[in-house]
Enquirer: 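Handing you this structure, nothing more for now.
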Amino acid sequence: MKNQPTLILGTAMWGWTISRQDCFALLDYFYGQGFREVDAATNYPINKKPEDFRLAETILKEWIAVHGVHDLRLMMKVGSLNNQRTPEINLCRSFLLIMLDEYRQLFGSNLGTFMLHWDNRSEEGAIRDSLEGLDAARREGLQAGLSGIRHPEVYARLNQEFRFDFRIQVKHNILQSDFGRYAPFHGAARFIAYGINAGGIKLDPAEYHERSSLKTRGAEANMAHPMLPQLRDAIGKASLNANRPPISSFNQIGMVYAFYSPDMEGILLGASRIGQLRDSLAFYETLKAHDYGDLYQSLKERHAEEP
Ligand SMILES: NC(=O)c1ccc[n+]([C@@H]2O[C@H](COP(=O)([O-])OP(=O)(O)OC[C@H]3O[C@@H](n4cnc5c(N)ncnc54)[C@H](OP(=O)(O)O)[C@@H]3O)[C@@H](O)[C@H]2O)c1
């Protein structure tokens with residue numbers, strides 16, 4: 001069997017749908033359970049409020065200061081110049097060096113991975129310049145990462161020379177996956193699944209509330225996704241197996257799907273409340289203890305865009 005993916009706590013909604021107090025509670029619990037990997041980005045939360053630019057990392061920094069923690073493994077995605085959800089980014093070498101310096105100062109030994117975020121470029125010279133910036137991070141002992149890359153084939157070509165052991169964040173859930181786009185890196189990089197709930201889908205429509213992530217992010221169309229009845233059917237069949245706990249949420253479906261997918265070394269958790277995080281960590285233990293391979297296969301057959 002392939003290596004089991006690890007869990008990483010996401011921060012995209014910190015300071016947006018999740019209050020500072022709840023962010024602290026999530027991290028207290030995650031850290032207390034022995035997990036150390038946290039994901040962040042300069043532009044979180046992407047709520048289009050200029051006053052909230054870099055708020056998620058500020059909350060994270062405050063938590064670290066309060067607890068005097070030195071052993072987080074923070075994955076920081078850089079390049080964004082604002083939190084407006086626009087493609088305005090700067091991935092040139094000199095800017096990356098400034099950001100590297102900035103995040104080394106802010107997070108010290110807690111910084112583990114330095115990741116390029118959102119690149120639509122295809123021009124080899126410009127991408128080479130970015131990789132030279134990333135190389136400086138590697139020389140400082142950090143892992144190198146990619147996220148939101150429009151032309152992975154150019155990166156893969158240049159990487160024959162640079163030889164990065166990339167960690168790559170990829171949207172990967174039962175309704176939509178970008179894994180296929182990264183074909184040049186299949187078998188040659190360590191992938192991390194994000195968006196495993198497709199932004200906050202619930203199996204039972206009664207679970208949605210005013211502050212539901214899906215509504216806040218404007219993705220309500222997914223609430224009535226045509227695949228949902230099929231999913232309920234697959235869950236029903238999988239629950240007939242009395243040798244393991246039944247599946248009870250879309251989140252658990254997302255975890256099964258990511259856990260068994262090839263090349264996935266990590267699963268990003270977007271828990272917005274402590275109860276959700278508890279459920280995800282408990283289900284992770286269930287996944288390690290029981291075989292849900294048959295459910296994964298039946299989900300895979302239903303996946304419209306499986307590479
Ligand atoms: N690389 C990139 O470009 C990129 C893009 C997006 C995200 N990310 C990273 O990945 C993380 C997760 O992304 P995401 O927020 O899009 O993930 P997601 O898992 O698709 O959606 C998160 C939402 O799912 C629901 N949820 C989560 N855990 C649950 C549980 N145990 N039970 C029931 N519902 C649960 C919550 O919805 P409610 O709040 O409505 O209950 C939560 O807000 C982000 O925080 C960020 O760090 C990276």
Side-chain angles (χ1 to χ4, degrees), residues 7-19 22-23 26-27 29-30 37-47 56-57 59-60 74-80 83 85 87 89 113 115-120 145-150 166-179 181-182 191-220 222-223 225 247-258 266-284 286-287:
L7 300 183
I8 303 150
L9 185 64
T11 61
M13 306 304 279
W14 284 27
W16 188 1
T17 55
I18 315 177
S19 69
D22 287 345
C23 297
L26 288 170
L27 205 37
Y29 186 71
F30 191 70
E37 285 217 84
V38 179
D39 175 61
T42 313
N43 59 354
Y44 287 172
I46 314 175
N47 63 2
E57 67 176 56
I59 296 172
L60 185 56
L74 175 61
M75 193 179 301
M76 183 54 80
K77 305 196 289 295
V78 301
S80 301
N83 60 342
R85 196 175 279 287
I89 53 147
T113 300
M115 193 171 260
L116 307 185
H117 198 199
W118 290 358
D119 191 358
N120 290 333
L146 303 176
S147 175
I149 305 298
R150 176 73 61 89
F166 280 123
R167 308 182 81 191
I168 302 180
Q169 287 193 15
V170 61
K171 185 189 286 183
H172 187 64
N173 63 63
I174 175 70
L175 307 182
Q176 191 193 358
S177 173
D178 291 336
F179 184 64
R181 180 152 52 86
Y182 288 89
F191 284 88
I192 296 164
Y194 73 80
I196 62 167
N197 287 279
I201 286 195
K202 310 290 180 190
L203 281 179
D204 178 358
E207 287 179 76
Y208 291 111
H209 49 90
E210 265 323 293
R211 286 169 67 87
S212 285
S213 290
L214 208 65
K215 291 186 189 172
T216 308
R217 297 197 260 204
E220 282 114 317
N222 272 345
M223 282 179 187
H225 196 284
I247 299 291
S248 61
S249 67
F250 191 86
N251 179 65
Q252 293 181 355
I253 288 277
M255 288 184 73
V256 169
Y257 195 61
I267 302 177
L268 262 158
L269 299 181
S272 63
R273 295 193 302 278
I274 194 75
Q276 291 182 353
L277 186 58
R278 270 202 201 101
D279 177 77
S280 294
L281 299 195
F283 188 66
Y284 182 59
T286 302
L287 270 176

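Quantities reported herein were computed from a predicted structural model and do not represent experimental measurements. In listed order, ligands and their atoms are each counted from 1.
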Enquirer: Which distance, rounded to the nearest 0.5 Å, do you find between the CD1 of I174 and the OH of Y257?
Expert: 5.0 Å
Enquirer: Starting from atom 11 (C) of ligand 1, what is the nearest protein heavy atom, named by residue and atom, and what distance separates them?
Expert: G10 CA, 3.9 Å
Enquirer: As an exercise, state the distance from CG of L27 to CH2 of W14, rounded to the nearest 0.5 Å.
Expert: 4.5 Å
Enquirer: If the contact criterion is a heavy-atom separation under 4.0 Å, does D279 count as touching ligand 1?
Expert: yes
Enquirer: Take every heavy atom of G148, measure it against each atom of ligand 1, and state whether any distance is under 4.0 Å.
Expert: no
Enquirer: Hey, what do you get for OG (S249) to CE (M255), rounding to the nearest 0.5 Å?
Expert: 9.0 Å
Enquirer: Is the shortest N/O to N/O distance between S280 and ligand 1 below 3.5 Å?
Expert: yes
Enquirer: Side chain, backbone, both or neither: which applies to T11 and ligand 1 if a contact is any heavy-atom pair less than 4.0 Å apart?
Expert: backbone
Enquirer: Should the proximity of F250 to ligand 1, defined as any heavy atom under 4.0 Å, be assigned to the side chain, the backbone, both, or neither?
Expert: neither
Enquirer: Would a distance-only check, ignoring hydrogens and angles, find a side-chain to backbone donor-acceptor pair under 3.5 Å from R85 to I46?
Expert: no
Enquirer: In this structure, does ligand 1 have an atom that sits under 4.0 Å from one of the heavy atoms of K77?
Expert: yes
Enquirer: Between F283, Y208, Y194, W14, flag the one that comes closest to atom 7 (C) of ligand 1 by a heavy atom.
Expert: Y194
Enquirer: Can you name the atoms of ligand 1, numbered from 1 with element, that are less than 4.0 Å from a heavy atom of D39?
Expert: 9 (C), 46 (C), 47 (O)
Enquirer: Heavy atoms only, cut-off 4.0 Å: how does N251 contact ligand 1, side chain, backbone, both, or neither?
Expert: side chain
Enquirer: Within a strict 4.5 Å, meaning less than it, do heavy atoms of the V78 and W118 side chains meet?
Expert: no
Enquirer: Return yes when E207 approaches ligand 1 closer than 4.0 angstrom through a heavy atom, no otherwise.
Expert: no
Enquirer: Mind checking whether R211 contacts ligand 1 via backbone (N, CA, C, O), side chain (CB onward), both or neither, at a 4.0 Å heavy-atom cut-off?
Expert: neither
Enquirer: Tell me the protein heavy atom at minimum distance from atom 39 (O) of ligand 1, and give that distance in Å.
Expert: S272 OG, 2.7 Å
Enquirer: Below a 4.0 angstrom heavy-atom separation, can you tell me which part of S249, side chain or backbone, both or neither, approaches ligand 1?
Expert: neither
Enquirer: Measuring only between side-chain heavy atoms, which start at C-beta, is I59 closer than 4.5 Å to I18?
Expert: no
Enquirer: Taking heavy atoms and a distance under 4.0 Å, where does Q276 meet ligand 1: side chain, backbone, both or neither?
Expert: both
Enquirer: Who's the nearest protein heavy-atom neighbour of atom 45 (O) of ligand 1, and how far?
Expert: A12 N, 2.9 Å
Enquirer: What residue and atom, counting heavy atoms only, is the protein's closest point to atom 15 (O) of ligand 1, and at what distance?
Expert: R217 NH2, 2.9 Å
Enquirer: Applying the side-chain contact (heavy atoms from CB on, under 4.5 Å) test to V38, which of L268, L26, T11 qualifies?
Expert: T11
Enquirer: Report the nearest protein non-hydrogen atom to atom 42 (C) of ligand 1: residue, atom name, distance rounded to 0.1 Å.
Expert: G270 O, 3.1 Å
Enquirer: Just heavy atoms, cut-off under 4.0 Å: does A198 contact ligand 1 by side chain, backbone, both, or neither?
Expert: backbone
Enquirer: Kindly compute the distance separating NZ (K171) from CD1 (I196), expressed to the nearest 0.5 Å.
Expert: 13.5 Å
Enquirer: Counting both backbone and side chain atoms, is some N or O of L268 under 3.5 Å from an N or O of ligand 1?
Expert: no
Enquirer: State which residues pass salt bridge (charged side-chain N to carboxylate O under 4.0 Å, His left out) with K77; sequence neighbours excluded, sorted by chain then number.
Expert: D39
Enquirer: If the plane angle is over 60° it's perpendicular, under 30° parallel, otherwise tilted; pick one for F191 and Y182.
Expert: perpendicular
Enquirer: For the residue pair N120 and I89, establish whether any side-chain heavy-atom pair is separated by less than 4.5 Å.
Expert: no
Enquirer: Of all the atoms in ligand 1, which lie at a distance below 4.0 Å from a heavy atom belonging to S147?
Expert: 1 (N), 2 (C), 3 (O)
Enquirer: Look at atom 34 (N) of ligand 1 and find which of E210, K202, H172 reaches it with the closest heavy atom.
Expert: K202
Enquirer: Less than 4.5 Å apart, side chain to side chain, heavy atoms only: is that true for L277 and L9?
Expert: yes
Enquirer: Which ligand 1 atoms, with their elements, are less than 4.0 angstrom from a heavy-atom of R273?
Expert: 41 (O)
Enquirer: Once salt bridge (charged side-chain N to carboxylate O under 4.0 Å, His left out) is applied, do any residues pair with D178, and if so which ones, sequence neighbours excluded?
Expert: R181
Enquirer: Drop me the distance from L146's CG to D119's CG, to the nearest 0.5 angstrom.
Expert: 9.0 Å
Enquirer: Are the side chains of N43 and H117 in touch, meaning some heavy atoms are under 4.5 Å apart?
Expert: yes
Enquirer: Can you report which non-hydrogen protein atom sits closest to atom 40 (O) of ligand 1, along with the distance?
Expert: S213 N, 2.8 Å
Enquirer: What protein heavy atom is closest to atom 20 (O) of ligand 1, reported as residue, atom name and distance in Å?
Expert: G199 N, 2.8 Å
Enquirer: Does only the side chain of K171 get under 4.0 Å from ligand 1, or the backbone, or both, or neither? Count heavy atoms.
Expert: neither
Enquirer: Who's the nearest protein heavy-atom neighbour of atom 8 (N) of ligand 1, and how far?
Expert: Y44 OH, 3.4 Å
Enquirer: Nearest 0.5 angstrom please: R167 CZ to M115 CE, how far?
Expert: 6.5 Å
